[in-house]
Amino acid sequence: MKIGMTHAEEATVAQQVTSSLTSPATSVRPMWAGRSIVLVGIALSALSLRTAVTSITPLLAPIGADLGFGAAVAGVFGMLPTLAFAFFGLLTPMLVRRVGLERMALVAMVLAGIGTLTRSFAANTVELLALSVVALGGMGIGNVVLPPLVKRYFPDRVGTLSTVYISFVQFGTVLPALVAVPLANVSDWRFSTASWTVVAAAAAVPWIAVLMMERSQDSLLAQAHNRAVIPGDEAPELPVVHAEGRAWRSPVGWGMAAMFGMTSLNTYALFTWIPKILAEAGGSAELGGTMVGMFAALGLFSAFTMPVLATRVANPYPLVCGCAVFYAAGFLGLLLAPMQLPVLWVALVGLGPSTFPLSLTLINLRTRTPAGSAALSGFSQGVGYTVACLGPLLFGLLHEATGGWAWPFAMLSVAVGIGLIGGYVACKPRMLEDSWTRT
């Protein structure tokens, strides 16, 4: 069984990867020519991938008062996104092999739209939870299919398109949280949560158009679908791709899963507990809310910068190490002197999860084909979000058991260390398809 490459083979792949990232031919292809509708679909789909999460969180108190649930059920709502993303992350690659990427993108947006709309009419807590799972399931599918769609239609602009769609994911995370309460004040929580159906519905339209256009084998879009490049703009030739396999058989898959999972674990733990950390140090509730908002907003900076940086080097592992340094400095500040420079400490831990957009970009940089990208996307996100569920829970249990924050931050530090190991494996210039089959 071959599970890796020799040093000579890795050197060859590294040279080819570097060449493919810096080739002048890959920088002059018109982004819109023959694939504009796909670009619109990717952007709108990315915008919808978090709206069902952050549009409801600020409204859990009035929704609970209306439907009759308390803090325990609110906690369940907090865990639903990662559970749904994990389950559908592992399921989606199998569905993609059966029906195709474009159809699954349409299914994702339809489920997201139906779930978002119908849960606003929920008459009780069970209905609200069940219909939220429908919406989150669609978004979980969308999480997985967007990277391979970039791989299929924009192999020449992976960095640019990764920046576009990850930035739209971040916008779709921050904006609903900002306007949820004002929209509810205009009418009620049902109107506020239902309004985001418009985004998912709009995102479904381009995928319907794509499926219709691909019926014409003479169209540029159909040729791009079949060949994974725009006609006349072939990508630099790479070694022969092995037969389709499974991401879990490759060290690339496990490295990506570790890096993505540890990033998500830290992110969700900090989202949950930053207000409590600052409150116990004497900070106000307003400060805690502001710091969480800043923590989230820093994801936009990472989305704009990390994909571009990742595509300019063969091995972006130094970027992973830099993120670990940010984490370490921020953890120490929040642990030892949280109220002295809270903006600095939160800014540092907010830059630590820059490995999230790096992971999403590497899904395409470490695969040769859309099929490989779909498999790596599903495996890394499925495993990663499963691990992420434990972050807020373990952090809280350790704080409750010890009465302090040292052990919780020690747990997060261990996660950063595991992420460093996973990042080392994932960032090496080699391809998933070279080691994902048994030979």
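By convention here, the first residue in the shown sequence is residue 1. Nothing here was measured: the structure is a model prediction, and the numbers come from that model.
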- How about Pro357 and Gln170: do any of their side-chain heavy atoms sit closer than 4.5 Å?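 No - every pair of side-chain heavy atoms lies 4.5 Å or more apart.
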- Between Leu432 and Arg366, is any pair of side-chain heavy atoms under 4.5 Å apart? no
- ring-ring contact (aromatic ring centres under 6.0 Å, His included) filter on Phe168, not counting sequence neighbours, yields none
- Residues in ring-ring contact (aromatic ring centres under 6.0 Å, His included) with Tyr424, at least two apart?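 Here the qualifying residues are Tyr317.
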- Test side-chain contact (heavy atoms from CB on, under 4.5 Å) applied to Pro353 and Phe295, Tyr268, Phe271, the passing residue: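 By the side-chain contact (heavy atoms from CB on, under 4.5 Å) criterion, Pro353 pairs with just one of Phe295, Tyr268, Phe271: Phe295.
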- Message: For Leu80, run the side-chain contact (heavy atoms from CB on, under 4.5 Å) check against Val53, Val133, Ile56 and tell me which one passes.
- Response: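 Running side-chain contact (heavy atoms from CB on, under 4.5 Å) over Val53, Val133, Ile56 with Leu80 returns exactly one hit, Val133.
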- Message: Can you classify the ring geometry of Phe171 versus Phe304 as parallel (below 30°), tilted (30 to 60°) or perpendicular (above 60°)?
- Response: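 Because their plane-to-plane angle is over 60°, the rings of Phe171 and Phe304 count as perpendicular.
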Pairs of donor and acceptor atoms involving the side chains of residues 134-148, under 3.5 Å and at least two apart or interchain, shall be tabulated with distances.
| unit_1 | atom_1 | unit_2 | atom_2 | d |
| --- | --- | --- | --- | --- |
| Asn143 | OD1 | Arg50 | NH1 | 2.9 |

Rounded to the nearest 0.5 Å, what separation is found between the [atom1] atom of [X] and the [atom2] atom of [Y]?
X	Y	atom1	atom2	result
Phe154	Leu161	CZ	CG	4.5 Å
Phe356	Ser264	CZ	OG	6.5 Å
Leu149	Tyr165	CG	OH	10.0 Å
Ser55	Trp189	OG	CH2	10.5 Å
Met104	Arg98	CE	CZ	11.5 Å
Leu47	Thr173	CG	OG1	9.5 Å

- Proximity of Phe77 and Phe69 rings by center, below 6.0 Å: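 For Phe77 and Phe69, the ring centres are under 6.0 Å apart.
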- Query: Quick one: ring pair (Phe, Tyr, Trp, His ring centres under 6.0 Å) pairs with a partner in residues 358-394, sequence neighbours left out?
  - Reply: Phe85-Tyr385, Trp254-Phe379, Phe260-Tyr385
- Task: Check Val320 against Cys427 and note the closest heavy-atom contact, atom names and distance.
- Result: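 That closest heavy-atom pairing would be CG2-SG, 3.9 Å.
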- Task: For Met411 and Gly391, work out which heavy atoms get closest and say how close.
- Result: CE-O, 3.9 Å
- Item | Those residues that, when tested against Ser359, pass side chain to side chain donor-acceptor pair (under 3.5 Å) (two or more places apart) |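 Testing Ser359 for side chain to side chain donor-acceptor pair (under 3.5 Å), a comparison that skips the adjacent residues, returns none.
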Side chain of [X], backbone of [Y]: donor and acceptor closer than 3.5 Å?
X	Y	answer
Trp273	Pro392	yes
Arg190	Ala122	yes
Thr116	Gly113	no

- Message: Using the salt bridge (charged side-chain N to carboxylate O under 4.0 Å, His left out) criterion, which residues pair with Arg103? Sequence neighbours excluded.
- Response: none
